[in-house]
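Written below as structure tokens is the structure these notes are about.
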Amino acid sequence: MALTYRALALLLTYPTADIQAAAPEIMAAIRSEGMVPAPIVGALEKLVRKLEHDDLYDLQEGFVHLFDRTRSLSLNLYEHIHGESRDRGQAMAALVELYRSYGLELTANELPDHLPVFLDFLSTLPDEEAASLLGEGAHVLAALTERLHKRESPYRAVFGALTAMTGAVPDSDAVAALMQEPDDNPDDLEALDKAWEETAVTFGPSDEGCPKADSILSAMNAAPPPDKSRRAGAAAGGYRLWT
């Protein structure tokens, strides 16, 4: 089990006072496991220092502006693959079943394809399995890294770290196809309203929210070992998450 996945999940969670207080612990977990290349660790340190020391309300406003008001930077991974089509709902249902096969039950307000949720799940798996599952979406991670780089956002370091941890070379054609999709301007409120007038995929009682930061923080210190029998059964199922 790798705490690095949980640490990166926290960095992609809506900033709170708890996350600010845990910033040194988050960075320590990333450094101690050595799963992220040194140059990217340095970039992550800049992001962590920003999260630790900047005004909380400014951080929260920036997070919403970046990830919630910019659909091309959505942290809901299947939006980049399926949009708001029926296929996304079917893919999420399959992902929920995969989680359950490993003994993980989501709360009503957690979307299964929300990246912090997915990373928390990966943290319970052996390193090779986690990297393999994440690697299926290397093209999505690479496209998000490039978009964040264009915005000079320090959050690009998180996606750079995840791409490196997959050990995979992103498919250049798949990345190019994603980069051809419209890149939203979060300050264009008229266009934003028009985009959200489309019928949204619903999944369970609520389509909002992300995993609670305090629960992930607690899990970083007291992570239960994964159930090997569940793991074997799920692996035998031949899940493909990114198609």
Side-chain angles (χ1 to χ4, degrees), residues 1-33 35-36 40-77 79 99 104-124 134 141 144-145 147-148 151-162 165 186 192 196 203-224:
M1 295 185 295
L3 291 180
T4 298
Y5 288 110
R6 282 180 170 155
L8 295 173
L10 284 171
L11 296 181
L12 290 178
T13 299
Y14 181 74
T16 64
D18 286 342
I19 290 178
Q20 283 191 310
E25 179 185 354
I26 292 170
M27 199 63 235
I30 293 171
R31 287 196 207 95
S32 66
E33 290 187 328
M35 297 178 66
V36 178
I40 301 178
V41 170
L44 287 171
E45 287 176 337
K46 294 179 182 178
L47 172 61
V48 170
R49 285 197 298 271
K50 179 178 178 66
L51 292 174
E52 183 178 7
H53 298 296
D54 280 14
D55 178 79
L56 179 58
Y57 294 109
D58 289 343
L59 291 170
Q60 292 172 340
E61 181 180 11
F63 185 93
V64 170
H65 193 270
L66 194 63
F67 294 118
D68 294 343
R69 287 178 55 183
T70 311
R71 299 188 75 180
S72 55
L73 292 174
S74 174
L75 295 179
N76 297 326
L77 296 171
E79 283 191 26
Y99 289 166
L104 174 64
E105 292 288 343
L106 301 185
T107 62
N109 68 334
E110 291 178 332
L111 287 176
D113 65 335
H114 191 65
L115 183 54
V117 174
F118 185 56
L119 295 177
D120 190 36
F121 164 64
L122 293 184
S123 73
T124 69
L134 187 63
L141 300 173
L144 290 169
T145 303
R147 285 176 176 158
L148 288 165
R151 288 172 167 80
E152 298 183 347
S153 169
Y155 280 103
R156 67 183 182 270
V158 180
F159 291 90
L162 291 172
M165 288 168 63
L192 184 69
W196 285 108
F203 196 87
S206 173
D207 195 23
E208 301 293 336
C210 60
K212 295 179 180 178
D214 56 353
S215 67
I216 303 181
L217 281 168
S218 298
M220 285 183 68
N221 294 321

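Sequential numbering from 1 along the given sequence is applied to the chain's residues. Excluded from the calculations below are hydrogen atoms, water molecules and symmetry mates; all remaining heavy atoms, backbone and side chain alike, are included. What you are looking at is a predicted structure, and each value in this text was computed from that prediction instead of being measured.
- The two residues E152 and R156 have their closest heavy-atom pair at C-NH1, 3.3 Å.
- By the 4.5 Å heavy-atom criterion applied to side chains, R147 and T70 are not counted as neighbours.
- In terms of modelled atom types and a separation under 3.5 Å, the side chain of Q20 and the main chain of D54 share a donor-acceptor contact.
- Annotation for I40 and G160: closest pair CD1-O, 3.5 Å, computed over non-hydrogen atoms.
- Taken to the nearest 0.5 Å, the CG atom of L104 stands 7.0 Å off from the CZ atom of F121.
- Under the ring pair (Phe, Tyr, Trp, His ring centres under 6.0 Å) criterion, F67 pairs with F63, Y155, sequence neighbours left out.
- A donor-acceptor pair under 3.5 Å is absent between the side-chain atoms of S123 and the main chain of T4, judged by distance alone.
- For the atom pair CZ of R151 and NE2 of H65, the computed distance is 9.0 Å after rounding to the nearest 0.5 Å.
- S32 OG to L3 CG: the interatomic distance, rounded to the nearest 0.5 Å, is 7.0 Å.
- Closest approach of P15 to L51, counting heavy atoms only: CG-CD2, 4.5 Å.
- We find the CG-CG distance between D68 and L75 to be 7.5 Å, quoted to the nearest 0.5 Å.
- Contact annotation: the side chain of L119 approaches that of L162 to within less than 4.5 Å [non-hydrogen atoms, C-beta and beyond].
- The backbone N or O of A21 sits nowhere less than 3.5 Å from a side-chain atom of E52 that would complete a donor-acceptor pair.
- Between the side chain of E33 and the main chain of A2, no donor-acceptor pair closer than 3.5 Å is present.
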Begin from the C-alpha positions of L115 and L8 and carry the test side-chain contact (heavy atoms from CB on, under 4.5 Å) through to its verdict. CA-CA 10 Å; L115 183 54; L8 295 173; over 6 Å; no

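- Residues E45 and R31 are in side-chain contact: their nearest non-hydrogen atoms beyond the backbone lie under 4.5 Å apart.
- Counting heavy atoms from C-beta outward, L134 and L141 have side chains that approach closer than 4.5 Å.
- In this structure, E110 contributes its side chain and T107 its backbone to a donor-acceptor pair below 3.5 Å.
- For the pair M27/V41, a side-chain contact is recorded, criterion being any heavy-atom separation below 4.5 Å from C-beta on.
- Taking the side chain as every heavy atom from C-beta outward, L11 and I30 approach each other to under 4.5 Å.
- For the side-chain contact (heavy atoms from CB on, under 4.5 Å) with Q60, the qualifying choice from V64, D58, L56 is L56, the only one to do so.
- When every heavy atom of P116 is checked against every heavy atom of T13, the shortest pair comes out as CB-OG1, 4.0 Å.
- Of the possible donor and acceptor atoms, one in the side chain of Y99 sits under 3.5 Å from a partner among the backbone N and O of P112.
- Interatomic distance, L73 CG to L66 CG, rounded to the nearest 0.5 Å: 5.5 Å.
- Residues V117 and L111 form no side-chain contact, since every pair of their non-hydrogen atoms from C-beta on lies 4.5 Å or further apart.
- Within the 3.5 Å criterion, the main-chain N or O of D120 finds no donor-acceptor partner in the side chain of T124.
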